[in-house]
Amino acid sequence: MHLRILRGMPAPPDLRALLDTFFAPAPATGPVELLRAAAELRARSSGALTSAAMLELRRPVDGGAWCQRLFGPLESLRCRCCRLVGAEHRGETCERCHVLCTDEPLREQRVAHVDVPFGIVHPALAPRIAALLGLSPEELRAVLLFESVIVLADGRLAPQDDPDVDWNDELSYETGVAAVRRRLAAVVDPELAAAGLSAAALVLTSVPVPPPGERPLYHEPYLDEDRWFRALWSERVGRDNEAIMAFTARALRGVRLLELGAPKLLLDRDCAAAQQAFEAMRDLLARPPGDPARAPEPLSGWHPAPLRGEDEDHVPGTLYPFRLAGAPAVGDAHDRYVHHRAPHRPEVPRACVLAEGDRALVQLGYLMLLVHWPTGHVLWTIPATEARLLGARGDWALFGAKYGRQLDLEDPTVLRGLYALDLNSWTWLEGHYPEDMPAIFVEKDEPEDAWLTDWRGQRGAPGAEDCSGDRADEWTRSPDHRYIWMSSAPDDGAILDTERGVAVLMLSHMREPAGADVPTVALTGPERDGYDEIEDQVGSGIAIARPRGEWRTLLPDGRLRREGRVALEFTAAAIECAAFDPTGDRLLLVNRDALHVVDVERGLLLARLDLRPLAPALALPESLPRELADLVLAHHGTLAAALAQPDEHLQALGLEAEQVAALRAEPAPPSIPYMLEWTCP
């Protein structure tokens with residue numbers, strides 16, 4: 001489905017004149033002329049908005065500000081459900097979706113409206129209303145926004161925070177638009193009376209909504225677009241559409257409060273919020289169509305993150321005085337089991353990275369392994385953490401928590417959710433963030449929400465999260481950390497440019513089949529089939545890089561693509577996690593049986609390390625329940641390392657004395673081999 005974007009056709013002259021009279025009245029426009037324009041627009045309306053949403057999954061929401069039933073079909077001679085298609089059905093209304101099948105440009109001619117039974121005051125009518133009530137325009141606005149009240153005893157105006165007023169239960173007062181309507185009903189305006197209107201008509205109960213052609217959707221091309229990138233994940237609505245949706249949401253909430261008989265205090269506050277939303281909407285729609293102020297904000301660049309709590313005194317763009325926390329905390333056994341953070345198979349790899357100095361860092365279920373891949377030497381081992389390995393820069397490895405950056409509740413200067421590990425000393429950074437480390441990562445408040453952010457308090461421009469789908473997450477990133485694969489699934493979504501906060505490549509378009517002459521590399525390990533029963537345990541098996549301006553992507557189908565075309569295919573075994581080296585010329589492929597290093601330029605297998613000897617050292621002890629074994633290995637990485645601790649330490653983790661004795665009575669578990677068997681083809 002293709003939505004109309006960029007520029008819509010202009011509205012008919014008479015409709016354009018009515019809209020200008022209502023939203024941008026000339027200084028000489030009187031109340032009678034404005035009210036007549038409002039009444040004419042209400043008579044032309046094709047229906048009332050019943051939803052504050054506009055688009056959902058790139059489709060217009062029924063009853064929203066882009067509704068096909070209210071404004072007309074998106075495609076000529078085609079109703080929404082496609083039951084009526086073709087010229088023979090021109091002029092018919094579908095009985096199923098109630099959309100008119102026509103080739104007329106109805107979406108530039110039809111208007112809708114928003115019912116506001118509690119009333120809204122148009123800024124152009126405010127001076128006349130204030131004069132009839134004996135108030136100044138500023139005093140009238142204070143009453144409408146619930147900032148001042150009218151005391152019934154003497155009719156004087158009193159601010160809500162006036163200390164001289166005795167605010168007791170016996171004091172009678174009124175405020176808000178309801179008070180304005182009641183007082184207008186008791187006065188007479190000669191000009192309005194001559195036109196057959198009452199003074200109460202100055203408070204509007206219906207607000208017109210312009211045609212979609214007056215507020216189109218937008219798509220902006222970018223320099224990094226190529227033939228695999230056709231459009232953004234979704235068209236972007238302008239600020240005029242956002243203002244209409246905000247006002248509609250407030251109006252519908254007020255209608256519902258009236259139906260429920262809500263307390264007057266709640267209703268007055270919602271009426272004040274609706275009045276402010278209407279004024280914001282009117283200010284945008286008063287501008288001519290095509291005005292840059294009505295378009296979306298540009299996607300490039302970064303915006304300050306919303307200020308919350310301790311952030312309120314922060315100057316956007318300046319460095320935060322935060323320091324990183326130490327090692328990520330290890331959750332208890334129940335938490336790890338419920339959320340599937342630790343696999344039932346300890347040898348299943350979770351993430352990997354090729355660091356400088358021919359080092360491969362592999363994050364297994366309970367252990368992190370640093371290997372010198374040309375020789376197979378195991379340089380370091382350390383228990384794995386809940387945080388996921390994101391990448392490396394120099395001698396530092398970067399880890400990110402599932403829900404991104406968080407401030408410590410007890411010490412607001414400590415930043416949690418982002419961790420750095422020194423690959424030489426195996427110590428966690430606990431101090432100020434190194435300047436040479438990448439600062440961009442994905443932040444999440446809820447499972448459904450995700451956006452780009454950095455530790456300086458800058459957040460990706462609006463629209464970046466639109467490329468991620470539902471329950472978005474970071475799947476992989478380029479070795480230089482500039483590009484992030486952000487999606488809700490490992491075979492879809494978009495690659496985001498972290499410097500500009502925009503989508504630059506869509507993975508869904510990389511579906512070109514491999515040619516007959518594509519070279520293949522056979523891998524060692526378990527077959528690709530048969531992973532369904534442990535789907536939550538295997539890694540994503542994807543990687544991205546852009547060396548020298550060329551896109552290189554490894555998709556879950558085991559095919560390496562260069563600029564979208566299949567350049568290399570990996571066969572015979574599954575890929576559970578993968579990563580490019582800093583140059584993008586070498587590719588690390590890991591499964592539970594073997595570690596492979598591939599030369600991308602030549603399509604050659606440089607080395608293969610056998611990881612199967614790790615399995616006995618990482619096995620779950622049979623004498624312990626799964627939850628306790630999970631907890632022991634999470635804290636120590638291997639059973640051999642755990643048994644090197646005193647009994648008191650193991651009992652502090654939750655083991656009983658009998659269970660500790662049973663563990664020590666079993667045959668000694670094997671330790672991690674100091675060298676892995678390797679082969680070089």
Side-chain angles (χ1 to χ4, degrees), residues 327-337 340-352 360-373 375-386 389 421 426 524-526 534 536-539 576-577 590-595 608-678:
V330 176
D332 57 30
H334 173 74
D335 187 53
R336 295 173 66 88
Y337 176 75
H340 303 285
R341 293 177 180 173
H344 303 159
R345 296 282 300 276
E347 72 276 14
V348 173
R350 296 170 55 189
C352 65
L361 177 60
V362 182
Q363 185 179 21
L364 302 173
Y366 303 102
L367 192 78
M368 287 191 291
L369 197 72
L370 185 65
V371 183
H372 183 254
W373 62 263
T375 61
H377 279 85
V378 178
L379 304 178
W380 287 93
T381 62
I382 187 175
T385 67
E386 301 270 348
L389 175 62
L421 178 67
W426 283 101
T524 300
I534 52 173
D536 62 317
Q537 301 178 25
V538 298
E576 294 176 353
C577 57
V590 182
N591 55 42
R592 66 196 63 177
D593 287 356
L595 178 152
R608 179 189 295 114
L609 300 179
D610 190 359
L611 299 181
R612 288 175 295 180
L614 297 177
L618 300 175
L620 294 168
E622 297 181 357
S623 59
L624 278 182
R626 174 180 292 174
E627 292 79 4
L628 289 178
D630 183 18
L631 187 59
V632 169
L633 295 183
H635 279 272
H636 300 286
T638 64
L639 185 57
L643 293 179
Q645 303 293 325
D647 292 355
E648 294 77 11
H649 181 84
L650 297 178
Q651 292 176 4
L653 294 179
L655 278 71
E656 299 178 356
E658 295 79 4
Q659 293 172 330
V660 175
L663 275 179
R664 298 196 183 278
E666 291 186 353
S671 59
I672 298 295
Y674 74 94
M675 180 178 288
L676 300 175
E677 180 182 354
W678 67 279

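Treat the numbers as computed from the prediction; the structure is a model and nothing was measured.
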Compare all side-chain heavy atoms of [X] with those of [Y] and state whether any distance is below 4.5 angstrom.
{"X": "W373", "Y": "L609", "value": "yes"}
{"X": "L631", "Y": "H635", "value": "yes"}
{"X": "V371", "Y": "L676", "value": "yes"}
{"X": "L369", "Y": "I382", "value": "no"}
{"X": "P328", "Y": "E386", "value": "no"}
{"X": "L618", "Y": "L364", "value": "yes"}

Restricting to non-hydrogen atoms, name the atom on [X] and the atom on [Y] that form the minimum distance, rounded to 0.1 Å.
{"X": "A617", "Y": "T638", "value": "O-CB, 3.6 Å"}
{"X": "M368", "Y": "L421", "value": "CE-CD2, 4.1 Å"}
{"X": "L633", "Y": "A619", "value": "CD1-O, 4.0 Å"}
{"X": "L614", "Y": "P673", "value": "CD2-CD, 4.0 Å"}
{"X": "V362", "Y": "P349", "value": "CG1-CB, 4.2 Å"}

### Task
Please answer whether the main-chain N or O of T524 pairs with a side-chain N or O of D593 as donor and acceptor at a distance below 3.5 Å.
no

### Test item: Q363 side-chain N/O and L389 main-chain N/O as donor-acceptor pair under 3.5 Å
yes

### Rounded distance [0.5 Å steps], SG in C577 versus CG in N591
8.5 Å

### Query
To the nearest 0.5 Å, what is the distance between CG (L379) and CE (M675)?
10.0 Å

## Note on the structure
Sorted by chain and residue number, the side chain to side chain donor-acceptor pair (under 3.5 Å) partners of D610 (sequence neighbours excluded) come out as R612

Would you give me the side-chain donor-acceptor pairs under 3.5 Å for residues 652-666, sequence neighbours excluded?
{"residue": "Q659", "atom": "OE1", "partner": "E656", "partner atom": "N", "Å": "3.0"}
{"residue": "R664", "atom": "NE", "partner": "D647", "partner atom": "OD1", "Å": "2.7"}
{"residue": "R664", "atom": "NH1", "partner": "L643", "partner atom": "O", "Å": "2.9"}
{"residue": "R664", "atom": "NH2", "partner": "Q645", "partner atom": "O", "Å": "2.7"}
{"residue": "R664", "atom": "NH2", "partner": "D647", "partner atom": "OD1", "Å": "2.8"}
{"residue": "E666", "atom": "OE2", "partner": "S623", "partner atom": "OG", "Å": "2.9"}

### Task
Mind jotting down which residue pairs meet the ring pair (Phe, Tyr, Trp, His ring centres under 6.0 Å) criterion with at least one end in residues 639-660? Sequence neighbours excluded, please.
H636-H649

